[in-house]
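Before any comments, here is the structure.
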Amino acid sequence: MIKIAIFGFGAVGQGVAEVLLKKREALRKLIGDFRVVAVTDSKGGIADEKGIDLSKALEIKRSRKRLPEGTTTLDVINSLDFDVCIEVTVTNIENGEPGLTHIKECLRRGINVVTSNKGPLVVAYKELADLAEKKNAKLMFEATVGGAMPIIKLVKNDLAGNEVYAIKGILNGTCNYILSRMEKEKLTYDQILAEAKELGIAEADPTYDVEGIDAAAKLVIIANSLMDMDVKFEDVERVGITKITPEAFEVAMDKGYTIRLIAEVDKVEGILRVSPRLIPIQHPLAISGTLNAALIKTDLAGDVVVVGKGAGSKETASAIISDLIELYRCRT
Amino acid sequence: MLITIVVELKDQPGQLLKALEPISRLGGNIVSVYHQRDKITPLKRIPVEITIQIDERKVEDLIEAIRRNGVIVRSYNEVRLTATTSLLLIGHIIHTDLGDTINRIDSTGFAEVVDMHISMPQLNQPSTAMITISATSDDNLKKAIDILKKTCREKDITVIEPLELQ
Ligand SMILES: NC(=O)c1ccc[n+]([C@@H]2O[C@H](COP(=O)([O-])OP(=O)(O)OC[C@H]3O[C@@H](n4cnc5c(N)ncnc54)[C@H](OP(=O)(O)O)[C@@H]3O)[C@@H](O)[C@H]2O)c1
């Protein structure tokens, strides 16, 4: 019996809960019996070692906006017996909290961790990876980069044995949406940003996306986890998309290019940067809408390209569930 | 275009000036002057390699003028630019001394701006330019791009680099 605790019950946490409910039988066949023993949000939670009623938890969270007070995430970690934590609390790339403490405390107790939270990995990837190894626990983080687009396990498993020497990717769907709309509509950045906000694609304060911060955070995770590097967020050279004009697209298109925000790490050239780049129109990275994509350069397999949905609660849940299955598949 | 001229100078004061004077007179820009002291000729002349940026149509006149000044011109060659790439600039390109921006590349001696397509801005709006740079090698092209990026950072111009240098 796999006992699961979910920390964070926002879009992603609820998305995971829904998939666990909806696919219960299919999942059982893959990983065996499981039950959710706790869910928490910022103010409270529900916990029971015998298993909680997930649909009721969803209902409570949705109708009352919060889970019952009294049970905190740290209470759950300290007093409940469980095997794996799904850490999907808010991102903080400055100090990684609260996720960093949650993840450390779980790993320290030998509890496996599956997370979509970039913060702790950006701040302390190496420390967490070492801790996991020491404690014989697993840290899974497919959902931190590229949402449903497979990249972490793709490189670790399917491209195992290759040396990945460079990755260039579109790692932020909001920026890609804005740029591809500017390309098509020849409207200004501000006009398209307003549209993206209205559609819920951009946040009220879009800084985190449009200044390349989110993409840079993901790039740091990629470099450290897939390319055996040891880089920090501050090491990323970063230029956002706010200065791009419709005329820039016109001039670029004249020469057969479009413009996209590209995150690039190159071990050979010593490159670690997020910046708008000219992309040939037929290039596989010249994708439109909120998609993410990555071009992975390897020594044996050559170039590999992946494209997928970079965000959304269901899409992110997909990556989390695939990590969960990877953790427990062999047991059945 | 970019050319290098190798002249042989007597080891006496005022010799270099004889070689350089026609260059400025004909509107050329001196990029570098390199005395090859380790290659002194049997007649004790010093070979000097001069790299200059000059209008292609004036090269023959220039060589002629240097020779008329009594300087031996051993050889002259166009510097071949083998690596080329285009970049996009967005910002107040014209008001931030475009000539200076271009000159910082051209004065390297290993790279030059070979093409520029500016889309004229509306009043007070940033303009956009597609700038094409050629250099003598891939490495020098990268160096030129770094110089351009640094210059543009100073001038608050956004540089959009190509995904790959072709
Ligand atoms: N949404 C996506 O498409 C997506 C894609 C990839 C990765 N991610 C990452 O996944 C994580 C979750 O994203 P989201 O969209 O679900 O965010 P969200 O809707 O803002 O949810 C965040 C959740 O974290 C909870 N939380 C905050 N502090 C906590 C604490 N100390 N203990 C327990 N829970 C705490 C919040 O509680 P309250 O409900 O009480 O506020 C909220 O339920 C983030 O790190 C995000 O960057 C999201």
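Residue numbers start from 1 in every chain, and the chains themselves are labelled A, B, ... in the order their sequence lines are given, proteins ahead of strands.
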Query raised in the report: Are more than 12 heavy atoms from other residues, nucleotides or ligands located less than 6.0 Å from atom CD of E198(A)?
Result: no

Query - Rounded distance (nearest 0.5 Å) linking atom NZ of K243(A) with atom CG of D156(B) - result: 4.5 Å

Query - Over 12 non-hydrogen atoms of neighbours within 6.0 angstrom of NZ in K150(B) - result: no

Query - Atom NZ of K267(A): over 12 foreign heavy atoms under 6.0 Å - result: yes

Query raised in the report: So, for S119(B) and E247(A), which heavy atoms are closest and what is the spacing to 0.1 Å?
Result: OG-CB, 3.8 Å

Query raised in the report: Which answer fits S275(A), side chain, backbone, both or neither, if we ask what part of it has an atom under 4.5 Å from a heavy atom of chain B?
Result: neither

**Report entry** Interchain contact, L88(B) with chain A, by part (heavy-atom threshold 4.5 Å)
**Finding:** both

Query raised in the report: So which of R273(A), E250(A), H283(A) has the biggest tally of heavy-atom pairs under 4.5 Å with chain B?
Result: R273(A)

Requested in this report: Go through the steps for K142(B) and E269(A) under the test side chain to side chain contact (heavy atoms under 4.5 Å, CB included), then give the verdict.
Outcome: CA-CA 11 Å; K142(B) 281 178 203 153; E269(A) 301 277 337; 3.1 Å; yes

Query raised in the report: Is it true that atom CD of E203(A) has more than 12 heavy atoms of other residues, nucleotides or ligands lying nearer than 6.0 Å?
Result: no

Query raised in the report: Is the CG atom of D228(A) crowded by more than 12 outside heavy atoms at less than 6.0 Å?
Result: no

Query raised in the report: Got a sec: does the NZ of K314(A) have more than 12 other heavy atoms crowding it under 6.0 Å?
Result: no

Query raised in the report: Looking only at heavy atoms, which two atoms of L278(A) and S86(B) are closest? And how far apart?
Result: CD1-O, 3.7 Å

Report summary line: Interatomic distance, CG@L295(A) vs CD@E164(B), rounded to 0.5 Å, equals 7.0 Å

Query raised in the report: Nearest 0.5 Å, what's the CD1-CD1 distance between I279(A) and I160(B)?
Result: 10.0 Å

**Report entry** L89(B) portion near chain A, given a 4.5 angstrom heavy-atom threshold
**Finding:** neither

Query raised in the report: Could you state the interatomic distance from CG (D254(A)) to CE (M130(B)), rounded to the nearest 0.5 Å?
Result: 8.0 Å

Query raised in the report: Around atom CD of E234(A), are there more than 12 heavy atoms of other residues, nucleotides or ligands at under 6.0 Å?
Result: yes

Query - Segment of K168(A) engaging chain B (4.5 angstrom heavy-atom cut-off) - result: side chain

Query raised in the report: Does CG in N124(B) sit with more than 12 non-hydrogen atoms of other residues, nucleotides or ligands closer than 6.0 Å?
Result: no

Report summary line: Turns out that what part of I244(A) lies under 4.5 Å from chain B's heavy atoms comes down to both

